[in-house]
Q: 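First the structure, then my questions, so here it is.
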Amino acid sequence: MLKLDDSFFLREDVLKIARELIGKILLTTFDGKRTSGRIVETEAYQGVIDRASHAYNNRRTARTEVMFGTGGVAYVYLCYGIHHLFNVVTSTSGQPHAVLIRAIEPVEGIRTILDRVRKKHWNASIGRGPGNVAKALGIHTGHTGHSLQDQISLWDDGARIRKSAIGSSVRIGVDYAGEDALLPYRFYLRGNPHVSGRTTLNR
DNA sequence: CAGTGGATCGTCT
DNA sequence: GACGATCCACTGG
């Protein structure tokens, strides 16, 4: 296992980073409980020029400020009052790019994960969808701004994903973004049961 | 499998 | 005061 260091996140090409994160391991250690999952679905949000992004048009607020800072940290926000959505902030200061982690296939700490999602038995929906990713790994809005080298970290475990195994599509739930809603900025591991979204999007 | 509606609250206007 | 980078339960085919 090789930890992804800052140089991975500081690059400018957020689409490339979103694609490369497919197959990587997202690991958290909270209260001595270690849980991890393989990333099987991501979405890129391309800063100020992307109408789907919270940072569109240089929109700086207390909430979005962290995206304008240096990459390699977490941006977690509350959606619909219920769901905590975890993003990886990328690029250098001033370029508010981010990658939303939309689905994981759980790897380590299955019992802890089952406790967190209040399920008794394993099933393929665990880790499916961004709200469920954060829930399974214990990530919440309080982790915004935290470095991705500590309690939350990303790893390359050596798994090699063929380019043809990664599909792309439009992003989910961004209808408000006008023509930017049509951009193919969502990436997923083909055939993986933990991937979210309609089946027609996942071919 | 697809479509619908309710839950729930921080954030921004 | 409106709404959202969602999820689940439930309906019908």
Side-chain angles (χ1 to χ4, degrees), chain A residues 14-15 17-19 21-22 26 37 39-68 71 73-91 95-106 113-145 152 167-188 191-203:
Chain A
V14 68
L15 293 172
I17 293 173
R19 229 177 343 238
L21 281 174
I22 298 295
L26 175 57
I39 296 169
V40 297
E41 184 183 353
T42 63
E43 278 177 2
Y45 286 84
Q46 195 164 211
V48 301
I49 61 168
D50 182 354
R51 280 184 69 180
S53 169
H54 294 162
Y56 173 63
N57 203 20
N58 251 311
R59 187 177 167 158
R60 298 179 88 123
T61 66
R63 181 179 64 150
T64 64
E65 192 59 30
V66 68
M67 283 200 287
F68 287 85
V73 300
Y75 167 47
V76 189
Y77 75 96
L78 187 65
C79 189
Y80 292 96
I82 306 172
H83 308 293
H84 297 255
L85 271 58
F86 169 71
N87 294 256
V88 171
V89 176
T90 72
S91 191
Q95 290 288 345
H97 295 166
V99 177
L100 172 66
I101 307 302
R102 285 197 55 90
I104 57 164
E105 175 176 324
I113 289 175
L114 287 174
D115 281 350
R116 287 179 180 146
V117 301
R118 299 170 166 249
K119 295 240 158 93
K120 274 220 160 86
H121 303 288
W122 170 263
N123 72 70
S125 77
I126 294 173
R128 179 192 292 159
N132 290 327
V133 169
K135 195 171 182 186
L137 296 182
I139 297 171
H140 54 76
T141 54
H143 295 118
T144 286
I152 306 174
S168 66
S169 80
V170 296
R171 292 170 292 184
I172 294 176
V174 299
D175 298 339
Y176 58 86
E179 59 187 20
D180 287 349
L182 303 175
L183 296 169
Y185 286 1
R186 171 176 175 265
F187 304 97
Y188 58 92
N192 186 284
H194 295 266
V195 171
S196 76
R198 297 267 174 245
T199 51
T200 52
L201 271 184
N202 297 334
R203 288 196 236 274

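The basis for the numbers below is simple: all heavy atoms, side chains too, and nothing from hydrogens, waters or symmetry mates. Keep in mind that what you see is a predicted model, and the values were worked out from it rather than measured.
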Q: Taking the side chain of A/His54 as its heavy atoms from C-beta onward, which of C/dT6, B/dA2, C/dA5 lies nearest to it?
A: C/dA5

Q: Figure out the NE2/C1' separation between A/His83 and C/dA5, and round it to whole Å.
A: 12 Å

Q: Taking atom P of C/dT6 as reference, at what distance in whole Å does atom CG of A/Asn87 sit?
A: 11 Å

Q: Does A/Arg171 use its side chain to pair, donor to acceptor, with the backbone of A/Asp180 at less than 3.5 Å?
A: yes

Q: Tell me which nucleotide among C/dA5, B/dT4, B/dC12 gets nearest to the side chain of A/Leu85.
A: C/dA5

Q: From B/dT11, C/dC8, B/dG3, pick the nucleotide closest to the side chain of A/Arg198?
A: B/dG3

Q: Counting Watson-Crick and G-U wobble pairs whose two distances are both under 3.5 Å, find the runs of 3 or more in a row that involve DNA chain B.
A: B:1-7 with C:6-12, B:9-12 with C:1-4

Q: Between C/dA5, B/dC12, B/dA7, which nucleotide gets closest to the side-chain atoms of A/Met67?
A: C/dA5

Q: Return the value, rounded to whole Å, for the distance between atom CG of A/Asp175 and atom P of B/dG3.
A: 13 Å

Q: Would you say A/Arg128 reaches C/dT6's phosphate, i.e. side-chain N/O to OP1/OP2 under 4.0 Å?
A: no

Q: Should the pair A/His143 and A/His140 be assigned to parallel (<30°), tilted (30 to 60°) or perpendicular (>60°) ring geometry?
A: tilted

Q: For A/Leu78 and C/dA2, what is the distance between atoms CG and C1' respectively, to the nearest whole Å?
A: 16 Å

Q: In whole Å, I'd like the distance from the NE2 atom of A/His84 to the C1' atom of C/dA5.
A: 15 Å

Q: Which whole-number value in Å describes the distance from A/Ile139 CD1 to C/dT6 C1'?
A: 16 Å

Q: If you check the A/Tyr80 side chain, which of B/dT8, C/dC8, B/dT11 turns out closest?
A: B/dT8

Q: Please check the phosphate of B/dT13 (OP1 and OP2 only) for any side-chain N or O of A/Arg59 closer than 4.0 Å.
A: yes

Q: Taking A/Tyr75 for the side chain and A/Val99 for the main chain, is one N or O donor matched with an acceptor at less than 3.5 Å?
A: no

Q: Once you round it to whole Å, what is the distance between P of C/dA5 and CG of A/Leu182?
A: 17 Å

Q: Looking at A/Tyr176, does any N or O in its side chain come under 4.0 Å of the phosphate oxygens OP1/OP2 on C/dA5?
A: yes

